[in-house]
Amino acid sequence: MSRFAGLWRSRTFYVDGTSGVLGNNARSPRRATTTLTKAVSYAGTDDTIYIRPQAVGVRYTENVVVPVTTHAGLNIIGTGNGRGNSVYQACSFKGATSVDSPILDLNSSYANVENIHFWSNAAQLVVGMIRMRWNTGGGLNIGSSIVNCSFSENPDSVAAAGVLQSYIRMDSTEGQLVQGCFFENC
């Protein structure tokens, strides 16, 4: 037995917007919940959340807040090809239409976000699609990574609002990594 056994107690959670059930505990693919928000509420430090893409052309519609003190090292991983920049290839998210808030408010440190397509509409005018707060608004995000994701904006919303937003807003660049991502209309 390793001397490190028992020190690392990470758990795995599952999101399936097509066949999951909101009240499920998300601890297995068969018990998947329907929203990332619900999975984040179950998860904690060093846990991993896998998200299954929905049907072709369907996006998850939610604004997700990852708490600062209880979720360091959280992994959020889409099981599709996030860099495809299309709902045909990616686990895709957009924010709620009437909410001026980021799609993913990543307040904790050492987080990892992979293989997700973020789609913006006029709802997110000033704060971006992913906000990584550090020492502002209760966030402490350092050492996080965003890998193989794509970011695009609804061109009709841009024309109506007259604003191009930031896709990833980092309040600190302390050890942050953005790698292999695709950006459109930013």
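Bear in mind the structure is a predicted one, so any value in this text is a computation, not a measurement. Throughout, residue positions are numbered sequentially from 1 according to the sequence presented.
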Problem - Contact check, side chains of Ile76 and Asn112, non-hydrogen atoms, under 4.5 Å - result: no
Problem - Evaluation steps, side chain to side chain contact (heavy atoms under 4.5 Å, CB included), between Ile146 and Leu177 - result: CA-CA 6 Å; Ile146 300 172; Leu177 172 69; over 6 Å; no
Completion exercise
Contacts satisfying ring pair (Phe, Tyr, Trp, His ring centres under 6.0 Å) that involve residues 17-38 (not counting sequence neighbours) are none
Practice task
May I ask you to check whether His117 and Ser92 show a side-chain donor-acceptor distance below 3.5 Å?
Solution key: yes
Handout entry: Shortest non-hydrogen contact between Cys149 and Val113, atoms and distance
Key = SG-O, 3.9 Å
Practice task
Ignoring hydrogens and angles, tell me if any N or O in the side chain of Ser144 forms a donor-acceptor pair with the backbone of Tyr110 under 3.5 Å.
Solution key: yes
Exercise for the section: Output yes when Asp105 and Arg131 qualify as a salt bridge under the 4.0 Å nitrogen-oxygen rule, no when they do not. Expected result: yes
Problem - Gln54 side chain to Asp16 side chain, donor-acceptor N/O pair below 3.5 angstrom - result: no
Handout entry: Under 3.5 Å: donor-acceptor pair, side chain of Glu184, backbone of Phe151
Key = no
Exercise for the section: Take Glu114 and Ile116 through the side chain to side chain contact (heavy atoms under 4.5 Å, CB included) test and state the conclusion after the steps. Expected result: CA-CA 6 Å; Glu114 292 182 40; Ile116 298 177; over 6 Å; no
Fill in the blank from the handout: The remaining residues in the hydrophobic cluster of Ile77, counting side-chain heavy-atom contacts under 4.5 Å among Ile, Leu, Val, Met, Phe, Trp and Tyr, are Tyr14, Tyr50
Handout entry: Polar side-chain atom of Ser108 near backbone of Val68 as donor-acceptor pair, under 3.5 Å
Key = no
Handout entry: CE-CG distance between Met129 and Asn63, expressed to the nearest 0.5 angstrom
Key = 12.0 Å
Handout entry: Any donor-acceptor N/O pair, Ser109 side chain to Leu140 backbone, under 3.5 Å
Key = yes
Practice task
Would you please test Asn107 and Arg133 for side chain to side chain donor-acceptor pair (under 3.5 Å) and show each step?
Solution key: CA-CA 5 Å; Asn107 292 314; Arg133 295 199 287 186; 3.0 Å; yes
Practice task
Go through the side-chain N and O atoms of Thr33 and Asn24 and say whether any donor and acceptor fall under 3.5 Å apart.
Solution key: no
Problem - Spacing of CD1 belonging to Ile49 relative to NZ belonging to Lys38, to within rounding of 0.5 Å - result: 12.5 Å
Fill in the blank from the handout: So CG of Leu106 and CD of Gln176: to nearest 0.5 Å the spacing works out to 8.5 Å
Completion exercise
CG of Asp171 to CZ of Arg169, rounded to nearest 0.5 Å, is 4.5 Å
Exercise for the section: Say whether, by atom type as modelled, one donor and one acceptor occur between the side chain of Thr79 and the main chain of Ile51 under 3.5 angstrom. Expected result: yes
Handout entry: Transitive ILVMFWY side-chain link Val178 to Phe93, under 4.5 Å
Key = yes
Handout entry: Listed once per pair and sorted, the salt bridge (charged side-chain N to carboxylate O under 4.0 Å, His left out) pairs that draw on residues 20-33, sequence neighbours left out
Key = none
Practice task
For the residue pair Ser19 and Thr34, establish whether any side-chain heavy-atom pair is separated by less than 4.5 Å.
Solution key: no
Exercise for the section: Linking directly or through intermediates, with side-chain heavy atoms under 4.5 Å: list the remaining ILVMFWY members grouped with Leu22, chain and number order. Expected result: none
Handout entry: Any donor-acceptor N/O pair, Thr45 side chain to Thr70 backbone, under 3.5 Å
Key = yes
Handout entry: Atom pair OH (Tyr60) and OG1 (Thr35), whose distance is rounded to the nearest 0.5 Å
Key = 9.0 Å
Handout entry: Same apolar cluster: Met132 and Phe183, side chain cutoff 4.5 Å
Key = yes
Problem - Connected hydrophobic set around Val21, excluding itself, where side chains approach under 4.5 Å - result: none
Fill in the blank from the handout: Sequence neighbours excluded, the answer for side-chain contact (heavy atoms from CB on, under 4.5 Å) partners of Asp47 is Ser10, Arg11, Phe13, Ala43, Leu74
Completion exercise
Between the CZ atom in Phe182 and the CZ atom in Phe118, the distance rounded to the nearest 0.5 Å is 15.5 Å
Exercise for the section: Take Gln179 and Asn148, measure what side chain to side chain donor-acceptor pair (under 3.5 Å) needs, and give me the verdict at the end. Expected result: CA-CA 7 Å; Gln179 183 175 356; Asn148 199 46; over 6 Å; no
Fill in the blank from the handout: Shortest non-hydrogen pair, Trp119 vs Ser152, comes out as CE3-OG, 3.1 Å
